[in-house]
Chemist: 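Structure incoming, see below.
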Amino acid sequence: MAHRLDALDRKILELVIADARVPFLEVARACKLTTLGILKGSQFNIDPEKIGYETCAYIGLFLKDPERFDEVVEELRKIPEVVECHYTTGGFDMFIKIYAYNNHHLLNVIHDKLQPLGLSRSETIISFNEAIHRPIAIIEPEEDDEEEEE
């Protein structure tokens, strides 16, 4: 009889397959952090420039009808150049990050893929270079922060 693997079983197997000498305590800790939602997925980080995406842009979107936000997000998911979408404070209805091969491709994405979603307008910021990219640090809250939370 075959055993059906759940998500935890698969995670354990992934860790052991990646390194058969991984200590069981390390496997248990990683599985617990994954189950709690602290560790989210595992993936390779691709350098967009190395595969031809020379333009990185951040675009603030203003919707004609902000009530269509959820529909627009679902349409944005279908656009491969869009890699992030955020709810934000301030004037934008949403803020996205996209990669394009060049400025001409960026223009085509904005004109052909974004405008038809019902934008009243957009504001584009092109990134020349990513100066810092790192995972979030684990920092202990200062005592003043802890007292405010209680």
Side-chain angles (χ1 to χ4, degrees), residues 4-22 26-142 144-145 148-149:
R4 292 188 186 267
L5 300 178
D6 64 14
L8 182 58
D9 294 331
R10 285 191 292 279
K11 182 65 179 171
I12 291 169
L13 286 173
E14 286 174 13
L15 290 168
V16 173
I17 289 169
D19 182 0
R21 295 173 298 194
V22 65
E26 198 174 312
V27 171
R29 285 183 183 137
C31 290
K32 179 182 176 185
L33 293 174
T34 300
T35 302
L36 293 173
I38 295 169
L39 292 179
K40 296 169 95 176
S42 60
Q43 59 193 28
F44 290 104
N45 291 320
I46 297 171
D47 182 340
E49 270 190 66
K50 301 281 191 216
I51 59 171
Y53 290 94
E54 295 180 3
T55 302
C56 172
Y58 296 87
I59 305 175
L61 304 178
F62 298 87
L63 303 179
K64 289 179 186 172
D65 181 5
E67 291 181 9
R68 290 193 58 241
F69 186 90
D70 292 335
E71 295 170 46
V72 172
V73 169
E74 286 310 309
E75 291 303 311
L76 288 170
R77 289 182 199 282
K78 298 174 186 175
I79 301 172
E81 294 89 350
V82 176
V83 296
E84 293 181 20
C85 177
H86 300 268
Y87 292 94
T88 62
T89 60
F92 303 126
D93 291 312
M94 59 183 68
F95 196 72
I96 63 172
K97 178 180 180 180
I98 72 170
Y99 284 106
Y101 292 121
N102 52 40
N103 288 348
H104 183 72
H105 181 206
L106 173 63
L107 176 62
N108 287 340
V109 171
I110 293 170
H111 184 268
D112 300 340
K113 296 180 179 182
L114 297 180
Q115 286 299 331
L117 299 179
L119 303 184
S120 60
R121 67 187 182 95
S122 63
E123 289 185 18
T124 303
I125 301 167
I126 294 177
S127 170
F128 290 127
N129 187 25
E130 184 178 84
I132 298 174
H133 179 87
R134 61 181 173 209
I136 188 73
I138 308 301
I139 302 170
E140 292 296 322
E142 294 182 17
D144 291 345
D145 293 341
E148 289 175 11
E149 291 177 8

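Here the structure is a predicted model, which is why all the values come from computation and not from measurement. Values below: every heavy atom of this structure, side chains too, minus hydrogens, waters and symmetry copies.
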Chemist: Check the surroundings of atom CD1 in I51: do more than 12 heavy atoms from other residues, nucleotides or ligands lie under 6.0 Å from it?
Modeler: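 Result for CD1/I51: enclosed.
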Chemist: What pair of heavy atoms forms the shortest contact from Y101 to G52, and how long is it?
Modeler: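 In terms of heavy atoms, the two residues are closest at CD2-O, 3.1 Å.
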Chemist: Taking only residues two or more places apart in sequence or in another chain, which ones pass side-chain hydrogen bond (donor to acceptor under 3.5 Å, both in side chains) with E75?
Modeler: K78
Chemist: How many angstroms lie between atom CD1 of I96 and atom CG of L76, to the nearest 0.5 angstrom?
Modeler: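 One finds 5.5 Å between CD1 of I96 and CG of L76.
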Chemist: To check you understand the geometry: which heavy-atom pair defines the closest contact between L63 and F69, and what is its length?
Modeler: CD1-CA, 4.0 Å
Chemist: For a quick test of reading the model, state the closest non-hydrogen atom pair linking Y58 to S127 and the distance between them.
Modeler: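 Closest pair (atom of Y58, atom of S127, distance): CE1-CB, 4.0 Å.
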Chemist: My understanding is that only residues two or more places apart in sequence, or in another chain, count here; which of them pass side chain to side chain contact (heavy atoms under 4.5 Å, CB included) with K64?
Modeler: S120
Chemist: From D65 CG over to L119 CG, what is the distance, rounded to the nearest 0.5 angstrom?
Modeler: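 That separation rounds to 12.0 Å.
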Chemist: In Å and rounded to the nearest 0.5 Å, what is the CG to CG distance from L61 to D93?
Modeler: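 Answer rounded to 0.5 Å: 8.0 Å.
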Chemist: Between K97 and C56, what is the shortest heavy-atom contact and its length?
Modeler: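 Nearest pair, atom of K97 first, then C56: CE-SG, 3.7 Å.
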Chemist: CD/E71 to CD/E74 distance, rounded to the nearest 0.5 angstrom?
Modeler: 9.5 Å
Chemist: So, the side chain of D47 versus the backbone of E49: is there a donor-acceptor pair under 3.5 Å, distance only?
Modeler: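 Judged by distance alone, yes, a pair lies under 3.5 Å.
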Chemist: Calculate, to the nearest 0.5 Å, the distance between atoms CD1 and CD1 belonging to I98 and I59 respectively.
Modeler: 4.0 Å
Chemist: Using the ring of each side chain (for Trp, its six-membered ring), is Y53 parallel, tilted or perpendicular to H105, with breaks at 30° and 60°?
Modeler: tilted
Chemist: Specify the closest pair of heavy atoms between L117 and V72, including all atoms of both residues, with the distance to one decimal.
Modeler: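 Minimum heavy-atom contact is O-CG2, 3.7 Å.
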Chemist: I need the minimum non-hydrogen distance between G118 and R68, along with the two atoms involved.
Modeler: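 Answer, listing the atom of G118 first, then R68: CA-NH1, 4.4 Å.
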Chemist: Roughly how far, to the nearest 0.5 Å, is the CZ atom of F95 from the CD1 atom of I125?
Modeler: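 Between atom CD1 of I125 and atom CZ of F95 there are 5.0 Å.
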Chemist: Can you tell if the side chain of E123 reaches within under 4.5 Å of the side chain of F92, non-hydrogen atoms only?
Modeler: yes
